[in-house]
Amino acid sequence: MARSASLSGYLELLPAERLVELHVLDTLREVFERHGFASIESRAVETMDTLLGKGEVDKEVYAVSRIHDDADSAAEAKLALHFDLTVPFARYVTENAGHLAFPFRRYQIQKVWRGERPQAGRFREFTQADIDIVGDGTLPFRADTELAVVMARALAALDIGQFQLRVNNRKLSQGFYTALGLNDPAAVLRIVDKLDKIGPARVQAELAETCGADEHQAQKALALAQIRTADVSFAEQVRDLLPPGAANELLEEGLREMTEVIATLQERVPGQAVADLSIARGLDYYTGTVYETVLFGHENLGSICSGGRYDSLATHGKRTFPGVGLSIGVTRLISALLAADELTASRSVPTAVYVTLREDTDWSTAQDVADQLRARGISAEVAFSAEKFGKQIKYADRRGIPYVWFTDAEGHHEVKDIRSGDQVPADPAVWTPPAEDLTPRVLRPGRDL
RNA sequence: GUGGGCGUAGCUCAGCUGGUAGAGCAUCGCGUUGUGGUCGCGAGGGUCGCGGGUUCGAGCCCCGUCGCUCACCCCA
């Protein structure tokens with residue numbers, strides 16, 4: 001973060017920073033739409049019933065009520081702010097199923113709220129950018145594969161440096177632990193998920209304490225979690241860990257699915273994804289593929305993009321809508337990149353041309369000049385008063401406005417490039433700045449400069 | 001929710017064993033009487049987070065409180 005917030009966990013950006021955020025959002029939107037995802041927006045508020053029992057701890061949910069909570073409103077459904085976009089989307093799908101065409105692919109970029117203790121990269125109000133594909137009754141496994149490809153391309157389009165999508169499959173992990181004789185696969189997953197953070201020794205110790213794993217089981221569980229391959233060779237490694245005949249149907253299905261995902265990612269977005277069998281994800285509605293993403297150089301941030309397959313999050317009577325989704329933590333991402341000065345904007349305002357005033361009475365004709373520029377898509381701003389030219393130039397300079405416009409008493413126009421100091425005659429009807437100066441650009445110091 | 005660290009100018013910080021608030025950067029003005037950036041000179045800007053206590057006297061000591069921050073939990 002550039003500044004410490006006056007209220008922790010609620011990030012507010014300066015104009016130049018917001019420009020960077022808008023660039024990120026625009027880029028994501030463009031890539032999502034290019035891959036056929038339609039946009040929706042769901043309301044910020046859901047009923048408690050919808051939100052709770054869907055995998056989130058209730059202490060993190062912000063309740064919403066009227067200050068004057070009288071008898072009437074007490075009888076109303078209790079409301080709360082959504083903590084992610086997946087649960088509201090599931091509700092949206094079941095409510096609007098009759099109007100949607102399945103498989104339905106949508107993207108959704110909105111604020112969400114979590115009442116957590118804020119930390120670097122952790123906010124109470126933040127923006128998520130989600131893509132999901134949902135089927136009616138069934139959803140081809142290929143959706144899991146395509147979704148990861150789209151997200152990898154979106155992250156690549158942001159041009160924020162090297163990242164790595166890490167993929168696992170809960171069927172694989174759970175099948176494996178069951179085959180080992182561990183009776184609480186979910187608990188094992190939770191501990192194994194911390195491998196990156198606490199290291200192999202402590203994972204093994206916790207497995208023994210919490211899951212009653214004996215030394216052999218703990219060793220095998222740990223060995224599985226340490227498998228990390230860029231190709232499909234993980235499957236062989238998994239089989240080598242078990243005695244012949246110990247495999248089960250769930251494990252085999254998980255291996256098949258993982259192999260398909262990794263093979264496709266290796267082919268379509270080479271070098272940007274790996275199989276990582278330690279990935280588990282906290283939310284318990286995931287049933288198959290799970291994804292996390294690390295941004296190299298920002299490993300301590302945690303995952304910047306996560307998600308997975310959910311087979312029964314959305315149900316409506318006898319119908320179920322299996323889906324698969326991925327979510328980018330936009331706020332987390334840009335706060336880290338801004339703080340590290342890895343992304344900055346070329347100026348703090350959209351203005352490309354600052355039109356000066358020679359006399360206070362020139363304001364109207366100066367607006368005519370500005371309008372001629374604006375009509376051709378050039379952002380222009382007119383001075384309020386005819387201060388000394390030095391001050392007017394300084395006004396533009398402080399905002400990073402690249403061009404200053406002058407009109408003399410005879411009506412001759414000149415435009416000055418504030419960076420070089422070059423000043424040349426110009427015609428407001430035809431003069432155009434170079435494309436790179438037309439709108440603010442996002443710069444990557446250290447790479448662009 | 002649990003545990004550590006920290007709150008002084010717009011920003012980064014200094015302030016001794018308690019004696020009545022300072023620097024750099026930024027801002028504004030002038031030098032430079034209508035073309036900025038450099039340089040020089042000058043100016044403005046503070047309820048020292050808030051409340052209480054001890055004291056002749058508190059930025060400093062004590063208590064409380066609010067906020068920020070880091071770690072745990074969990075997660076984007």
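The figures that follow rest on heavy atoms only: side chains count, while hydrogens, waters and symmetry mates do not. Each chain gets a letter, A, B and so on, in the order its sequence line appears, and its residues count up from 1.
- You cannot call Phe123(A) stacked on the base of rA76(B); the centres under 5.5 Å and planes under 30° rule is not satisfied.
- Within 6.0 Å of atom CZ in Arg124(A), more than 12 heavy atoms from other residues, nucleotides or ligands are found, so the atom counts as buried in its surroundings.
- Arg122(A) contributes no side-chain N or O that forms a donor-acceptor pair with the base of rA76(B) under 3.5 Å.
- The separation of rG67(B) from rC25(B), taken at their C1' atoms, amounts to 26 Å, rounded to a whole angstrom.
- Following rounding to the nearest Å, Leu11(A) (CG) and rU69(B) (P) show an atom-to-atom distance of 11 Å.
- Atom-to-atom, CD1 of Ile191(A) to C1' of rC73(B) comes out at 14 Å; the value is rounded to the nearest Å.
- Comparing the P positions of rG10(B) and rU17(B) gives a spacing of 28 Å, expressed to the nearest Å.
- Residue Arg106(A) comes nearest to Phe104(A) through the heavy atom pair CB-CZ, 3.7 Å, listed as atom of the first residue, atom of the second, then distance.
- The distance between atom OH of Tyr285(A) and atom P of rC75(B), rounded to the nearest whole Å, is 10 Å.
- Applying the Watson-Crick and G-U wobble criteria (two distances, each under 3.5 Å), rU12(B) pairs with rA23(B).
- rU65(B): Watson-Crick or G-U partner is rG49(B), with both key distances under 3.5 Å.
- More than 12 heavy atoms of other shown residues, nucleotides or ligands fall within 6.0 angstrom of atom CZ in Arg374(A).
- Note on Ile304(A): only backbone sugar-phosphate atoms sit closer than 4.0 angstrom, heavy atoms only; bases stay farther off.
- In summary, of the residues considered (Arg309(A), Lys171(A), Arg170(A)), a salt bridge (Lys or Arg N to Asp or Glu O under 4.0 Å) with Asp144(A) occurs for Arg309(A) alone.
- Per the geometry, CZ belonging to Arg117(A) stands 6 Å off P belonging to rG1(B), to the nearest Å.
- For Phe32(A), the ring pair (Phe, Tyr, Trp, His ring centres under 6.0 Å) partners two or more places apart in sequence, or in a different chain, are Tyr107(A).
- Within a 6.0 Å radius of CZ in Arg268(A), other residues, nucleotides and ligands contribute 12 heavy atoms or fewer.
- Screening Leu172(A), Asp276(A), Val274(A) against Phe234(A) for a side chain to side chain contact (heavy atoms under 4.5 Å, CB included) leaves a single residue, Leu172(A).
- With no hydrogens or angles considered, no side-chain donor-acceptor pair links Thr315(A) and Ser312(A) at under 3.5 Å.
- One can place CG of Asn300(A) at 11 Å from P of rC72(B), the figure rounded to the nearest angstrom.
- For the P atoms, the distance from rC66(B) to rG51(B) is 15 Å, rounded to whole Å.
- The partner of rU2(B) is rA71(B), by the rule that a Watson-Crick or G-U pair needs both atom distances under 3.5 Å.
- The nearest whole Å value for the distance from the CD1 atom in Ile279(A) to the P atom in rA76(B) is 12 Å.
- As rounded to the nearest Å, rG46(B) and rC11(B) have C1' atoms that lie 15 Å from one another.
- Side-chain atoms of Glu116(A) come within donor-acceptor range of the base of rA76(B), with a qualifying N/O pair under 3.5 Å.
- Comparing rU27(B) with rG18(B), their C1' atoms are spaced 34 Å from each other, to the whole Å.
- The environment of CH2 in Trp431(A) is crowded: more than 12 heavy-atom neighbours from other residues, nucleotides or ligands sit within 6.0 Å.
- Rounded to a whole angstrom, the distance from the P atom of rC39(B) to that of rG44(B) is 23 Å.
- One can place CG of Leu155(A) at 14 Å from P of rA76(B), the figure rounded to the nearest angstrom.
- Atom name C1', nucleotides rG64(B) and rG7(B): the rounded distance is 16 Å, in whole Å.
- Following rounding to the nearest Å, Gln119(A) (CD) and rC68(B) (C1') show an atom-to-atom distance of 13 Å.
- Searching all strands for a Watson-Crick or G-U wobble partner of rC28(B) with both distances below 3.5 Å returns rG42(B).
- Comparing rA9(B) with rG3(B), their C1' atoms are spaced 33 Å from each other, to the whole Å.
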request  = Summarise how protein sits on nucleotides 28-37 of chain B as a single string, 5' to 3': B when a protein heavy atom is under 4.0 Å from the base, S for sugar-phosphate-only contact, - for no contact.
outcome  = SS---SBBBB

